[in-house]
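The structure under discussion appears below in the form of structure tokens.
Fair warning: this is a prediction, and the values are worked out from it, not measured in the lab. Letters A, B, ... are given to chains in the order of the sequence lines, protein chains preceding strands, and every chain is numbered from 1.
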Amino acid sequence: MGVDLSPLVVKEKVSIRDFSGMTFAIDGYNILYQFLSSIRQNDGTPLMDSKGRVTSHLSGCFYRSISLMEAGIRPVFVFDGKPSRLKAATIRERVQAKEKAAEELIVAREKRDMERVRSLSARVNYITRDMVGETKALLSAMGIPYVQAPSEGEAQASYMCRTGQVYGVVSQDYDCLLFGSKRVFRNFTSGGRRKIPGKNMYVPVSPEMIDLDRTLEANGITYDQLVDMAIMIGTDFNTGIEKVGPKTALKLIKQHGSIESVLSSRGEVIENLDEIKAIFKTPSVEEKPEIKFRAPDRDKIIQILCDEHQFASERIDPFIETLISTYGGRSQTSLDTF
DNA sequence: CCATGCCA
DNA sequence: TGGCATGGG
């Protein structure tokens, strides 16, 4: 997924309690995928309503949002719009990888290899238009704002961070740094556990913050050079230079200063270079999206979760009460100061 | 993922 | 009380 910048980034373990009162952009597709792949039975089946429609994303969105609100975090979900034409190859690859996993899943089911069934099921996820629509409806009922990006959601969320509309971007994906997010937060939950792939075991995970400026400083590069490096390594929008990973890219950028110099010294070309740079640096975004928290609508939440999707009301009721009290108990003005 | 129930 | 297994939809 995206460019592997992990060897370069400067991470810091944090606690979500330290960010009480601050607004965060949540990468909607990223979090929906996480819910979809992890909220499952042991046999790999996702949660479903009486009509067989998947509801894992709604469960995840409901409980996660409330736990964040309870910790004083103001989440704004950001959803993807139309992808760039340059992403077509990446999207095709992902579809193919899922088709392959789906075939392997059939074999694993026949063999009754339950560990494998579970891990493969987690990879065969499709976020449908309906799922996104239901999630938006649920968020509205909960009084939590969301933003529809014209193009890349990560670009929109990062723009909101760059311009101080949110403090940070919550995503597992380091690509947000390329879009100029000042801070990217991973594992942004209070009670962190994550399943070890392939094994029925869990490891504790704590939230971590990746700071763009400190990452740049630690590597002795500029933001423009980071973008250049990513393009050399390969992004969702291009395949990169053969055999260039994070280490080589860093060496090359230090040696030559820019991707143009690297390419000319090697006699190589990257198609659509300026367009790729523009996707990261000057993306199509909604500049001033409305970020307004509203009073939760209890009846509407119950209608969506219980009436339409058979959630047990005695289970969710106390959480709706918590949500309502977090709304009532907070100050309405919260321009993030930093 | 998050919640709950059970048992040490 | 808390660590683990299981259920949720």
Side-chain angles (χ1 to χ4, degrees), chain A residues 1 15-17 24 26-73 75 77 79 114-115 117-128 130-139 141-142 144 146 170-173 185-208 296 300-326:
Chain A
M1 195 92 189
S15 162
I16 63 167
R17 296 275 159 196
F24 286 77
I26 306 209
D27 183 345
Y29 265 76
N30 190 272
I31 207 163
L32 253 40
Y33 265 114
Q34 282 179 243
F35 292 148
L36 235 46
S37 49
S38 62
I39 305 182
R40 283 164 186 273
Q41 314 271 73
N42 287 320
D43 66 358
T45 325
L47 301 186
M48 287 184 293
D49 67 13
S50 58
K51 290 183 177 164
R53 296 173 297 192
V54 172
T55 56
S56 298
H57 58 300
L58 297 177
S59 179
C61 184
F62 179 72
Y63 291 115
R64 174 69 65 84
S65 299
I66 290 171
S67 82
L68 289 176
M69 292 284 281
E70 222 183 337
I73 305 296
F77 286 70
F79 293 100
M114 283 317 172
E115 281 291 0
V117 166
R118 205 185 192 288
S119 89
L120 285 168
S121 300
R123 282 193 266 155
V124 189
N125 292 318
Y126 294 93
I127 295 179
T128 65
D130 283 351
M131 287 179 185
V132 175
E134 288 162 350
T135 305
K136 288 176 177 174
L138 177 62
L139 289 169
M142 294 175 77
I144 295 170
Y146 66 82
V170 176
S171 176
Q172 293 302 103
D173 223 321
F185 291 78
R186 307 176 83 219
N187 311 322
F188 204 58
T189 57
S190 34
R193 280 189 340 151
R194 174 148 307 136
K195 199 179 179 301
I196 299 171
K199 294 194 158 201
N200 217 349
M201 288 171 65
Y202 293 84
V203 280
V205 285
S206 56
E208 60 188 31
K300 208 164 218 165
I301 298 172
I302 291 190
Q303 188 216 313
I304 295 169
L305 293 182
C306 305
D307 300 350
E308 287 176 30
H309 298 294
Q310 291 78 52
F311 282 66
S313 59
E314 59 274 25
R315 221 177 144 106
I316 65 164
D317 274 343
F319 291 93
I320 299 178
E321 291 313 314
T322 305
L323 181 65
I324 290 168
S325 66
T326 61

Atom [atom1] of [X] and atom [atom2] of [N]: how far apart are they, to the nearest Å?
X	N	atom1	atom2	answer
A:I39	B:dA3	CD1	P	11 Å
A:E314	B:dA3	CD	P	16 Å
A:N42	C:dG9	CG	P	16 Å
A:Q41	C:dT6	CD	P	12 Å
A:Q34	B:dC1	CD	P	8 Å
A:I66	B:dA3	CD1	C1'	12 Å
A:H57	B:dC2	NE2	C1'	16 Å
A:R186	B:dC1	CZ	P	13 Å

### Task
Quick one: label A:T55 by what it contacts on the DNA or RNA (base, sugar-phosphate, nothing), any heavy atom closer than 4.0 Å.
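Touches sugar-phosphate only.
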Between [X] and [Y], is any side-chain donor less than 3.5 angstrom from a side-chain acceptor?
X	Y	value
A:S171	A:D173	no
A:T326	A:E70	no
A:Q172	A:N187	yes

### Message
Which label fits A:F79 and A:Y146: parallel for a plane angle under 30°, tilted from 30 to 60°, or perpendicular past 60°?
### Response
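Taking A:Y146 first and then A:F79, their aromatic rings stand perpendicular (interplane angle over 60°).
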Close N/O contacts between protein and nucleotides 4-7 of chain B (under 3.5 Å):
none

### Task
Among the candidates C:dG8, C:dG9, B:dC2, find the nucleotide nearest to the side-chain atoms of A:T189.
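From the listed options, B:dC2 comes nearest.
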### Partners passing side-chain hydrogen bond (donor to acceptor under 3.5 Å, both in side chains) against A:D130 (at least two apart in sequence or in another chain)
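Counting only residues at least two positions away or on another chain, A:D130 forms no side-chain hydrogen bond (donor to acceptor under 3.5 Å, both in side chains).
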### Query
Counting only heavy atoms not in A:K300, do more than 12 fall under 6.0 Å of its NZ?
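Check fails, neighbour count at 12 or below.
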